[in-house]
Colleague: 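Sharing a structure, written as structure tokens. Questions coming.
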Amino acid sequence: MIEDELRAAFARHEELAPPTGPVRAAIDQAVVRRRRRRRRVRLAGTALAVTATALVGFTVVAPRPPAPAPPAAAPTSTPTGAMNMLLLGVDQAGPDRRADSILLVHVPADRSRIYLVSIPRDLLVPMPDGTTGKINATFSRAAASGDLAAGYRATRQAVTRLTGVRVDAGAVLTYAATRELTDEVGGVPVCLPAPVRSVHTDRRFPAGCQRLDGTRAVDLLRQRYGLREGGLDRDRNATRYAAGLLRQVRERGTLTDPARLGRLVGEIGPGLTVDTGGTSLPLLLSVVARAVAAEPVALGLPIRYEDWTDRGFEQPDPTLAPGFLDALRADRVAGWTAAHPDHVTSLRQR
């Protein structure tokens with residue numbers, strides 16, 4: 001009885017049910033559309049990945065465009081007095097990065113020449129925290145996080161306290177930047193009074209004049225072990241390198257060509273940090289360009305050793321240093337060097 005009633009009910013509603021053909025066709029079309037949409041998404045993702053890879057590849061292999069020339073600075077008055085610039089050469093990367101070479105570049109008011117004054121890295125100076133330490137450690141304490149500018153500012157303050165002169169501008173060069181800079185200017189001529197053997201690479205640097213590429217220049221600048229006066233001889237070699245670099249950029253006309261200078265700075269990269277102080281870059285370069293027309297004079301701050309061990313340190317010579325610093329502050333370095341020729345570093349082969 002119940003079965004007959006159910007059959008009768010299905011028979012009555014069968015006429016109301018839609019045809020199965022169109023429903024199946026609609027389902028099939030929906031499936032096709034969904035498959036096509038998934039395929040388009042996969043193709044779009046693949047294309048995006050290929051495009052990104054192509055762009056990254058282009059960025060890596062395409063030559064870098066020339067760096068733009070430094071923007072024109074607002075007109076300011078040309079500096080007329082003596083100027084002092086601080087150049088720091090820092091060692092390998094890391095939290096203990098130190099200033100291996102500290103060079104104070106003095107430009108007298110008459111712009112007659114440049115004086116390269118090396119400051120020994122092991123010189124004892126007061127630290128900001130009230131302790132006493134070697135001057136090269138002022139850089140590492142401030143630049144522990146890798147901030148070269150902070151390290152420069154700390155060392156600049158230490159040099160100002162030591163010498164009593166205002167530092168008007170300066171720069172920091174890492175070993176990597178020194179290597180790139182040397183190669184970009186076509187090598188740097190250096191004249192050595194005695195042969196030097198690298199304790200790092202066993203490379204030999206003969207006595208006499210030679211042109212160093214970036215790799216050889218950095219190798220030489222790192223050497224102090226085996227030299228007759230250790231770190232002091234390394235400082236002298238650093239001034240010889242700086243003098244050769246100045247000579248090279250002068251001969252190439254780099255200092256008087258903003259476009260060429262811009263390209264050079266752009267090629268060096270992040271290993272160079274420059275502080276122009278309160279002077280615009282064009283005016284600063286004009287001062288340097290006038291002074292490098294003559295051969296620079298290199299000398300070191302007169303010091304004395306307090307300890308001859310490997311942990312030795314230095315202090316300003318109580319007899320000579322006060323007179324030298326007075327001459328530096330009064331812009332009378334020419335007279336001091338004339339009176340103390342034995343403290344002048346030879347830059348040319350004799």
Side-chain angles (χ1 to χ4, degrees), residues 84-105 116-167 169-178 199-200 218-227 229-239 241-242 270-275 277 299-318 321 324-325 328:
N84 298 285
M85 288 162 277
L86 182 64
L87 301 182
L88 304 180
V90 300
D91 58 11
Q92 74 281 350
D96 197 33
R97 171 176 268 175
R98 295 172 180 253
D100 268 354
S101 298
I102 304 174
L103 196 62
L104 186 65
V105 181
L116 305 173
V117 182
S118 61
I119 299 176
R121 53 169 259 166
D122 293 331
L123 196 69
L124 281 187
V125 296
M127 294 290 173
D129 59 4
T131 62
T132 301
K134 295 182 179 181
I135 193 170
N136 67 338
T138 59
F139 190 95
S140 61
R141 292 191 184 191
S145 62
D147 187 351
L148 298 182
Y152 166 79
R153 289 191 296 269
T155 307
R156 181 188 64 195
Q157 293 170 0
V159 170
T160 297
R161 289 193 298 267
L162 171 70
T163 62
V165 301
R166 183 190 67 214
V167 175
V172 179
L173 274 172
T174 64
Y175 279 149
T178 301
V199 298
H200 303 102
V218 169
D219 197 5
L220 175 66
L221 293 173
R222 295 179 64 196
Q223 304 308 313
R224 63 188 174 104
Y225 295 110
L227 302 184
E229 293 193 75
L232 295 183
D233 277 339
R234 177 168 67 176
D235 290 342
R236 296 183 182 108
N237 287 337
T239 59
Y241 169 85
L272 171 66
T273 300
V274 178
D275 171 30
L299 64 158
L301 173 70
I303 58 96
R304 71 176 183 184
Y305 279 102
E306 294 295 327
D307 186 352
W308 289 91
T309 68
D310 288 340
R311 295 183 178 275
F313 56 88
E314 295 130 3
Q315 288 189 335
D317 187 299
F324 170 75
L325 293 176
L328 183 64

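Counting begins at 1 with the first residue of the sequence.
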Colleague: Between D275 and R156, does any NZ, NE, NH1 or NH2 come within less than 4.0 Å of an OD or OE carboxylate oxygen?
Modeller: yes
Colleague: Can you sort out the partners of R236 under salt bridge (charged side-chain N to carboxylate O under 4.0 Å, His left out), two or more places apart, ordered by chain and number?
Modeller: E229, D233
Colleague: How far does OG1 of T178 sit from CG of L173, to the nearest 0.5 angstrom?
Modeller: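 These two atoms lie 4.5 Å from each other.
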Colleague: Can you see which heavy atom on A142 is nearest to which on A154, and at what distance?
Modeller: CB-CB, 3.5 Å
Colleague: Taking the side chain from D91 and the backbone from R98, do they hold a donor-acceptor pair closer than 3.5 Å?
Modeller: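 Yes, D91 side chain to R98 backbone: donor-acceptor pair under 3.5 Å.
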Colleague: For P318 and R304, work out which heavy atoms get closest and say how close.
Modeller: CG-NH1, 3.5 Å
Colleague: Only one of L86, T138, L87 forms a side-chain contact (heavy atoms from CB on, under 4.5 Å) with Y152, so which one is it?
Modeller: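 Output: one option passes, namely L86.
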Colleague: Could you pull out all residues at least two apart from D317 that satisfy salt bridge (charged side-chain N to carboxylate O under 4.0 Å, His left out)?
Modeller: none
Colleague: Are any side-chain N or O atoms of T163 and backbone N or O atoms of V159, one a donor and one an acceptor, separated by less than 3.5 Å?
Modeller: yes
Colleague: Sequence neighbours excluded, which residues qualify as ring-ring contact (aromatic ring centres under 6.0 Å, His included) partners of F324?
Modeller: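 With neighbours one apart ignored, the set is W336.
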Colleague: Step by step, work out the side chain to side chain contact (heavy atoms under 4.5 Å, CB included) result for L220 and Y241.
Modeller: CA-CA 9 Å; L220 175 66; Y241 169 85; over 6 Å; no
Colleague: How close do K134 and D122 get, heavy atom to heavy atom, and via which atoms?
Modeller: CD-OD1, 3.4 Å
Colleague: Of all the heavy-atom pairs spanning L162 and L325, show the shortest one and how long it is.
Modeller: O-CD1, 3.7 Å
Colleague: Can you see which heavy atom on P120 is nearest to which on E314, and at what distance?
Modeller: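 Looking at all heavy atoms of both residues, the closest pair is CB-OE1, 3.0 Å.
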Colleague: For the pair L104 and V165, evaluate side chain to side chain contact (heavy atoms under 4.5 Å, CB included) and give the outcome as yes or no after the intermediate values.
Modeller: CA-CA 10 Å; L104 186 65; V165 301; 4.1 Å; yes
Colleague: Between Q223 (side chain) and V199 (backbone), is there a donor-acceptor pair under 3.5 Å?
Modeller: yes
Colleague: Taking R222's backbone N and O only, do any of them form a donor-acceptor pair with R234's side chain (distance below 3.5 Å, no angle check)?
Modeller: yes
Colleague: Determine whether more than 12 heavy atoms belonging to other residues, nucleotides or ligands lie under 6.0 Å from atom CZ of R161.
Modeller: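 Buried by this count: over 12 neighbours within 6.0 Å.
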Colleague: How long is the span from the CG atom in L221 to the CG atom in D100, to the nearest 0.5 Å?
Modeller: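 The CG atom of L221 sits 9.5 Å away from the CG atom of D100.
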Colleague: CD1/I119 to CG/N136 distance, rounded to the nearest 0.5 angstrom?
Modeller: 12.0 Å
Colleague: Please evaluate residues L88 and I102 with respect to the criterion side chain to side chain contact (heavy atoms under 4.5 Å, CB included), reporting the C-alpha separation (whole Å), side-chain torsions for both, the decisive distance (0.1 Å), and the verdict.
Modeller: CA-CA 5 Å; L88 304 180; I102 304 174; 3.9 Å; yes
Colleague: Hey, are the side chains of V117 and L103 touching, using non-hydrogen atoms and a 4.5 Å cut-off?
Modeller: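 No, side chains not in contact.
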Colleague: State, to 0.1 Å, how close D129 and R141 come at their nearest heavy-atom pair, and which atoms those are.
Modeller: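 Between these two residues, the closest heavy atoms are OD2-NH1, 3.2 Å.
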Colleague: Going from CZ on R121 to CD1 on I135, what distance comes out if it is rounded to the nearest 0.5 angstrom?
Modeller: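 That separation rounds to 12.0 Å.
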